[in-house]
Amino acid sequence: MDIASRPAEPAENTQIADAAPPPAAPPVIRREDYLPPAWLIPEIALDFALGLDETVVVSKLSVRRNPDGNGTATLRLNGDQIAPRAVTVDGTALNDWKLDGPDLLIELAGDAHEVAIETVLNPAANSQLMGLYASNGMLCTQCEAEGFRRITFFPDRPDVLSTYSVRMSGDKATFPILLANGNCTAEGEGEDGTHWAEWHDPWPKPSYLFALVAGELVANHATFTTMSGRRVDLNVWVRPGDEGRTQHAMDSLIASMKWDEETFGREYDLDLFNIVAVSDFNMGAMENKGLNVFNTRYVLADPDTATDADYDAVEGVIGHEYFHNWSGNRVTCRDWFQLSLKEGFTVLRDQLFSADMGSEPVKRIEDVRVLRIAQFPEDSGPLAHPIRPDSYQEISNFYTATVYNKGAEVIRMMRTMAGEEAFRKGTDLYFERHDGTAATCEDFVKAIEDGTGLDLARFRLWYSQAGTPQVSARLEHDGRIARLALTQTVPATPGQPEKAPMPIPLRIALFDRDTGTHAGEHLVILDGDEGSFAFEGFDKPPVLSINRGFSAPVAIEMEREDEDLVFLAANDDDPFARYEAMQSLVLQHLVAAVGGGLDEARRASGRAAIGRAMKAIVTDPELDDLMRGELMILPAESYLAEQLLVSDPGVIHAEREALKAWLGLELADELKALHDRISAVPYSRDAAARGARKLKTQALVLIASGDAGEGAARAIAQYRKADNMTDRQGAVMVLAGLDCPEREEALADFLARYEGNALVIDKWFSLQAGSFHPRVLEQIHALAQHDEFRMSNPNRVRSLYMAAAVNPQAFHDASGAGYAMIGELIRKLDPINPQTAARFVPALGRWRRVEPGRAAMMRAELEKIAAVPSLSRDVREQVTKSLG
Ligand code: PHE
Ligand code: ZN
């Protein structure tokens with residue numbers, strides 16, 4: 001609503017009926033209301049006359065009555081901010097179509113009709129980046145989940161599968177490359193400098209997998225021969241000038257194709273596979289059939305501009321999108337409640353792939369860290385939902401760590417219980433049974449059950465219950481028997497006050513204290529509220545190693561002696577368990593410190609235990625540096641906050657920083673020796689050199705915490721000498737948090753050096769916004785005014801504001817200024833890009849878990865957002881639930 005149409009201020013006695021209506025709550029969509037589509041669209045032909053600010057679309061649908069539908073004569077075609085310019089049915093112009101809100105309704109007399117609809121789009125004005133939009137002079141599409149309805153009217157639901165033929169024409173100079181799904185079947189020149197191309201995708205697909213790209217692009221080209229000997233052309237398309245940074249993406253694609261054949265028996269099914277990198281993108285990447293569209297950040301990489309972590313992310317996302325060709329495209333989802341069917345499974349597949357390409361234990365540790373930082377807080381907050389949700393208002397809000405990462409953990413548990421070989425039988429059966437169809441999570445579980453022989457009756461609760469199970473463990477020793485007593489509770493979550501116990505598979509081992517070994521691992525399954533498991537042959541109480549490899553996504557509660565944790569951190573033969581022991585040791589200490597429960601003596605003894613364990617890790621000659629780096633990472637502040645019902649983020653931050661400073665001083669000599677040793681390792685992409693680079697910056701962080709002067713001197717030296725982005729970024733990261741002249745030198749040099757490179761300028765923003773500099777909030781406000789800041793580009797917005805929202809020192813500033821900053825961002829961004837705006841709400845939504853002073857300010861920000869009358873569905877849903 002603009003100012004002119006707003007009603008005047010209501011007079012004193014204005015009746016309710018005259019006042020502006022309160023903002024309408026968006027309708028709730030429920031899983032239990034699913035009905036099969038009334039009409040099917042076996043074929044669709046799309047014709048695009050392309051232009052950046054005007055594209056005309058003619059869509060021809062073959063419409064057939066679904067014998068399994070409800071028999072209605074009304075064809076409902078979804079739309080969103082589009083209008084029909086012309087409609088014909090069986091070649092005759094139709095004038096009595098109706099609009100029902102955004103949807104187009106057409107009455108059909110028979111069982112089979114041809115419907116044609118013309119729409120006109122303005123891609124340049126599409127700032128939501130859903131549907132057809134312009135990015136950097138090119139045109140591209142994003143249709144998942146409900147973007148196709150912004151292009152043309154269609155039954156925009158994943159269980160309507162159609163064969164797509166696409167024709168597009170446009171100015172040849174503006175759009176020299178024309179791409180769509182499937183294979184190019186014809187192309188030619190038109191009049192006045194135009195050209196055209198026709199594409200056909202033989203595989204029926206839902207509308208969310210449709211894609212089109214047109215623009216000036218160059219390809220890195222290669223070929224792949226599949227296991228049955230078919231040749232596939234591969235292209236990674238980027239803007240001219242970026243082609244030198246595409247080889248890692250291409251290598252990752254080829255590795256993914258080979259890996260999926262070997263590990264899951266899945267072969268690629270078209271003659272062509274295209275990847276296009278675009279710089280304006282809401283998410284990471286999109287698995288459109290045969291035409292994956294990627295955020296540039298998951299394609300472009302070279303040593304000068306990408307860190308080792310960036311390289312790993314490119315490999316992981318390329319794998320993820322490629323694996324969707326089977327888990328998502330060949331077998332798709334019946335409805336959006338089944339999203340984890342494709343996402344949970346595909347995340348598991350990309351995790352296993354990355355583990356095989358690099359270090360399995362390191363990958364596992366990283367994945368668990370992400371789960372604890374991103375998913376555990378979601379599961380214990382106002383937005384908690386099961387991996388298969390029961391309802392939503394805006395599906396875009398459900399592309400969450402729960403659906404993706406917890407979804408992967410749930411499938412991983414089935415794999416652990418079945419064993420790798422049996423699990424493969426289950427997945428083979430799943431693909432065989434459901435190929436070419438739109439399936440449900442239940443179909444998946446059933447196939448795994450039938451293929452493996454597991455009984456998953458109770459296990460299905462993992463799909464319907466939200467919340468992270470809390471498992472408490474106690475080990476008793478009696479005679480020669482060690483007895484493990486376990487109990488579980490699944491916490492209440494919004495809409496789910498009562499929970500049933502779920503099967504929890506726990507890999508455990510019992511260590512002999514004297515020899516530092518164990519007699520074999522056991523898999524115990526806690527199936528009810530409690531369970532007791534006896535193990536014979538222990539003369540002395542053993543040390544328990546539990547949830548090895550993080551076999552279940554649960555929180556383990558157990559009283560542990562520091563001594564036992566130091567023992568496991570040094571001796572456990574499961575690398576994850578070793579990491580976990582170290583985490584628990586630090587966590588236990590910090591939780592007690594934050595709770596005010598540490599007197600000086602206990603503080604000193606706790607630190608001493610951590611110092612001893614850390615020293616052993618820093619100096620252990622047996623450890624490889626990648627793993628050493630994992631063991632040295634301290635638990636994140638958000639994970640610490642998770643351990644407490646209500647906490648003071650300021651105290652958590654101060655305690656964690658104090659421990660870092662203590663470690664930096666206590667281990668100063670060892671850390672400097674480590675930094676010297678690894679600084680001499682020359683650049684290469686092999687594991688040893690990558691381990692060295694990871695450690696270099698970690699050592700630097702601790703050195704700087706203990707002695708800022710020494711840290712600054714070493715950091716600027718590392719910066720000046722760096723011949724790769726990992727070292728350079730690490731040095732800038734450390735300097736950004738220090739109040740010293742070297743900070744300004746490094747930041748200015750970094751900006752000048754990478755002028756024009758958007759992905760690296762993103763780093764420049766996030767390194768500053770994420771720093772623990774005393775004036776970080778002021779700096780973020782200044783960065784928002786910087787020439788290079790753009791509210792229209794999601795990567796840039798995230799680089800500044802997501803870094804700020806997850807930076808406890810900025811976000812939780814005691815003044816409330818951090819909350820106000822994020823609140824204001826959400827209000828400003830919502831009209832431009834609601835999907836991206838909604839992603840910032842959960843940070844404020846954690847208010848119930850924060851001390852009362854800050855909680856009131858967080859809540860006030862949410863209320864201020866809720867008061868905006870024209871809020872998007874995306875932000876409205878998240879804010880309402882967060883206040884709820
Ligand atoms: N399906 C994409 C993926 O996980 C994610 C995505 C969702 C991208 C919605 C864009 C829009 O691989
Ligand atoms: Zn995915």
Side-chain angles (χ1 to χ4, degrees), residues 80 126 128-133 135 140-151 156-158 181 205-213 249 252-253 256 260 275-299 313-333 335-354 367 370 374 387 392 394-408 411 438 441 444 794-795 798 833-839 874:
D80 180 12
N126 183 354
Q128 295 185 24
L129 313 184
M130 286 295 281
L132 180 72
Y133 65 93
S135 170
C140 65
T141 54
Q142 172 52 45
C143 294
E144 188 177 6
E146 298 179 336
F148 193 69
R149 63 184 67 183
R150 295 170 57 80
I151 296 173
D156 194 11
R157 42 187 288 169
N181 314 91
K205 64 171 175 285
S207 51
Y208 82 86
L209 290 174
F210 165 77
L212 168 159
V213 174
S252 301
L253 174 60
S256 306
D260 211 15
I275 287 176
V276 182
V278 305
S279 43
D280 299 278
F281 202 74
N282 284 340
M283 308 278 275
M286 180 62 212
E287 70 264 24
N288 316 299
K289 183 81 188 188
L291 178 54
N292 288 0
V293 174
F294 272 64
N295 189 320
T296 42
R297 71 175 290 197
Y298 296 112
V299 173
V314 168
E315 179 182 82
V317 178
I318 295 257
H320 180 97
E321 304 312 326
Y322 175 72
F323 302 143
H324 268 314
N325 190 56
W326 275 93
S327 49
N329 301 1
R330 286 288 287 260
V331 184
T332 192
C333 300
D335 55 70
W336 291 119
F337 298 104
Q338 321 295 330
L339 185 57
S340 202
L341 174 73
K342 75 177 176 82
E343 295 303 348
F345 188 26
T346 304
V347 170
L348 175 68
R349 278 151 56 68
D350 84 53
Q351 290 178 348
L352 298 174
F353 166 65
S354 294
D367 290 338
V370 169
I387 66 169
Y392 62 76
E394 170 51 60
I395 186 57
S396 298
N397 288 331
F398 285 78
Y399 288 78
T400 58
T402 297
V403 166
Y404 275 64
N405 303 63
K406 186 178 181 180
I411 301 175
C441 295
F444 182 84
N795 283 2
R798 283 186 288 254
N833 186 330
Q835 236 182 65
T836 302
R839 298 254 155 195
D874 310 58

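Keep in mind that what you see is a predicted model, and the values were worked out from it rather than measured. Counting starts at 1 for both ligands and their atoms, following the listed order.
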- Under 3.5 Å between some N or O of ligand 1 and some N or O of H320? yes

- Message: Is the ring pair Y392/F337 parallel, tilted or perpendicular, if the boundaries are 30 and 60 degrees?
- Response: tilted

- Task: Please work out whether any backbone atom (N, CA, C, O) or any side-chain heavy atom from C-beta onward of A285 is under 4.0 Å from ligand 1, and answer side chain, backbone, both or neither.
- Result: backbone

- Message: Heavy-atom contact check, 4.0 Å cutoff: does H324 meet ligand 1?
- Response: yes

- Message: In the structure I gave you, are the side-chain heavy atoms of Y208 and W336 within less than 4.5 Å of one another anywhere?
- Response: yes

- Message: Between E321 and N292, do the side chains contain a donor N or O and an acceptor N or O under 3.5 Å apart?
- Response: no

- Among E315, R349, E287, E343, whose side-chain hydrogen bond (donor to acceptor under 3.5 Å, both in side chains) with H320 holds? E343

- State whether the shortest distance between N or O atoms of Q142 and N or O atoms of ligand 1 falls below 3.5 angstrom. no

- What atoms of ligand 1 come closer than 4.0 angstrom to any heavy atom of Y399? 7 (C)

- Query: Under 4.0 Å from ligand 1, counting heavy atoms only, is it the side chain of M283, its backbone, both or neither?
  - Reply: side chain

- Message: Out of all atoms in ligand 1, which are within 4.0 Å of some heavy atom of E287? Include the element for each.
- Response: 1 (N), 2 (C), 3 (C), 12 (O)

- Going from SG on C333 to CD on E144, what distance comes out if it is rounded to the nearest 0.5 angstrom? 8.0 Å

- Note on the structure: Checking heavy atoms under 4.0 Å, the part of K342 that sits near ligand 1 is side chain

- Can you tell which of V278, V299, V276 makes a side chain to side chain contact (heavy atoms under 4.5 Å, CB included) with F294? V299

- Message: How large, to 10°, is the angle at the Zn ion (ligand 2) when you draw lines to NE2 on H324 and to OE1 on E343?
- Response: 100°

